[in-house]
Amino acid sequence: MRPADAARPVPPRPGHRRAWIIAALLSAVLVVAPVAWQVFAYGGTRSRTLYGGSGGRPVTAVEIVAGDANVTVTPRSDREVGYRAEVRWSLGAPAIEESWLGGSLRLTPRCSGEGSLLSVGSGCSVSLGVTVPAGIPVKVTAGAGQVAIKGLGGSVDVNVGSGALTLAGLRGELRAEVASGSLVAADLTSARADVRVGSGRGEAAFITPPERVTARVGSGRVRLTVPPAGRYRVGCEAGPGRCEVPGALRDPASDRVLDIAVNSGRAEVGYPDPMP
């Protein structure tokens, strides 16, 4: 072989060239297809308002399986349930599925054509406003949406994942849990409350002394505020985290109980800050 021939680059074999072309085409498809899908999905968004409810049938309890929908629950004076849903979609219109078990009504927002719960990135969204009889039990399960429950006198059981939970003016027994989301509860007169926070943050403020409050905290943070008139028998277990309860609030002989457990997070209990 001559020296000039040794320095000359060897052309790629046809098989190698074909493999490189196929890899380039696949890369283009994987990059372009999601972008094209988003343009198609969100370029033709439509909206509608849906109405529904119990249709004159008395209701003894309500359950809302919200997915990632935004939900607001407020009281009404009769024994029925009504809802108004603002829905938006690009492919299939969302619907509010209604199902009954005895006198209990379950409402479930679903994406049309998929039969699945509403979720982020599905191309459809729902803002659901529900009015319920003030004294009946209400249960809400949600993911990344915003949930607000106000002015109810019955028991409330609500579980939110990464979304935001707002409670106000509740009078019945309360169970509120957030995972990585946030909880703000104000003007509570609930005699019994169970507050649970994973890695998120929570605040619960009572305007009448509760009989029993249970608080469980993972790596997040919870602050409980109770009226100055209250004294409590306090149990507080903490792992590497912190549990802060002032001595002025403690009374080992009290009938009122604060039961608190913290893993690596922080729990605080106190009286309201004085007015400036």
Side-chain atoms of residues 144-171: list all donor-acceptor pairs with protein atoms under 3.5 Å, sequence neighbours left out, distances to 0.1 Å.
unit_1	atom_1	unit_2	atom_2	d
N159	ND2	E177	OE1	3.3
R171	NH1	G151	O	3.4

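- Rounding to the nearest 0.5 angstrom, the gap separating the CZ atom in R231 from the CG atom in L249 is 7.0 Å.
- Rounded to the nearest 0.5 angstrom, E80 CD and T131 OG1 are separated by 9.5 Å.
- Here the side chain of S47 pairs no donor or acceptor atom with the backbone of V87 at under 3.5 angstrom.
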Inset, instruction - Kindly determine whether E86 and R84 satisfy salt bridge (Lys or Arg N to Asp or Glu O under 4.0 Å), including the steps that lead there. - result: CA-CA 7 Å; E86 303 291 341; R84 172 188 171 118; 2.8 Å; yes
For residues 203-219, dump all side-chain donor-acceptor pairs below 3.5 Å to protein atoms at least two apart in sequence or in another chain.
unit_1	atom_1	unit_2	atom_2	d
R216	NH1	D259	O	3.2
R216	NH2	D259	OD2	3.1

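- Put simply, V257 and V245 are part of two different groups of oily side chains (I, L, V, M, F, W, Y) that touch within less than 4.5 Å, one to the next.
- The backbone N or O of L50 sits nowhere less than 3.5 Å from a side-chain atom of Y83 that would complete a donor-acceptor pair.
- How far CZ of R242 is from CZ of R266: 4.0 Å, rounded to the nearest 0.5 Å.
- Taken together through direct or relayed side-chain contacts under 4.5 Å among Ile, Leu, Val, Met, Phe, Trp and Tyr, V184 and V138 form parts of separate hydrophobic clusters.
- Considering every non-hydrogen atom in both S190 and G172, the closest pair reads OG-O, 2.6 Å.
- Among all heavy-atom pairs drawn from V71 and A66, the shortest one is CG2-CB, 3.6 Å.
- A pairwise comparison of heavy atoms in A267 and I260 identifies CB-CG2, 3.7 Å as the closest pair.
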Inset, instruction - Evaluate the criterion side-chain contact (heavy atoms from CB on, under 4.5 Å) for residue pair I96 and V126; output intermediate values, then yes/no. - result: CA-CA 9 Å; I96 309 300; V126 174; 4.1 Å; yes
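- Proximity of a side-chain donor or acceptor of T60 to a complementary backbone N or O of G103 within less than 3.5 Å is detected.
- Within the 3.5 Å criterion, the main-chain N or O of V81 finds a donor-acceptor partner in the side chain of S54.
- By the 4.5 Å heavy-atom criterion applied to side chains, R76 and V132 are not counted as neighbours.
- The structure places CG of D251 at 9.5 Å from CZ of R233, a figure rounded to the nearest 0.5 Å.
- Taken to the nearest 0.5 Å, the OG atom of S127 stands 9.5 Å off from the CZ atom of R88.
- Closest non-hydrogen pair, R79 versus P133, comes out as C-CG, 3.5 Å.
- More than 12 heavy atoms of other residues, nucleotides or ligands lie within 6.0 Å of CZ in R256, so this atom counts as buried by the packing criterion.
- The environment of CZ in R48 is sparse: at most 12 heavy-atom neighbours from other residues, nucleotides or ligands sit within 6.0 Å.
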Inset, instruction - Go through the steps for E63 and V65 under the test side-chain contact (heavy atoms from CB on, under 4.5 Å), then give the verdict. - result: CA-CA 7 Å; E63 180 180 4; V65 183; 3.9 Å; yes
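- When all heavy atoms are compared, the tightest approach of Y271 to P227 is CE2-O, 3.2 Å.
- Rounding to the nearest 0.5 Å places NZ of K139 at 5.5 Å from OG1 of T141.
- Under a cut-off of 6.0 angstrom, the local environment of CD in E97 is crowded, with over 12 non-hydrogen atoms contributed by other residues, nucleotides or ligands.
- Put simply, the side chain of P94 does not reach to within 4.5 Å of the side chain of P109, judged on heavy atoms.
- The pair R221-E268 counts as a salt bridge, with a side-chain nitrogen and a carboxylate oxygen less than 4.0 angstrom apart.
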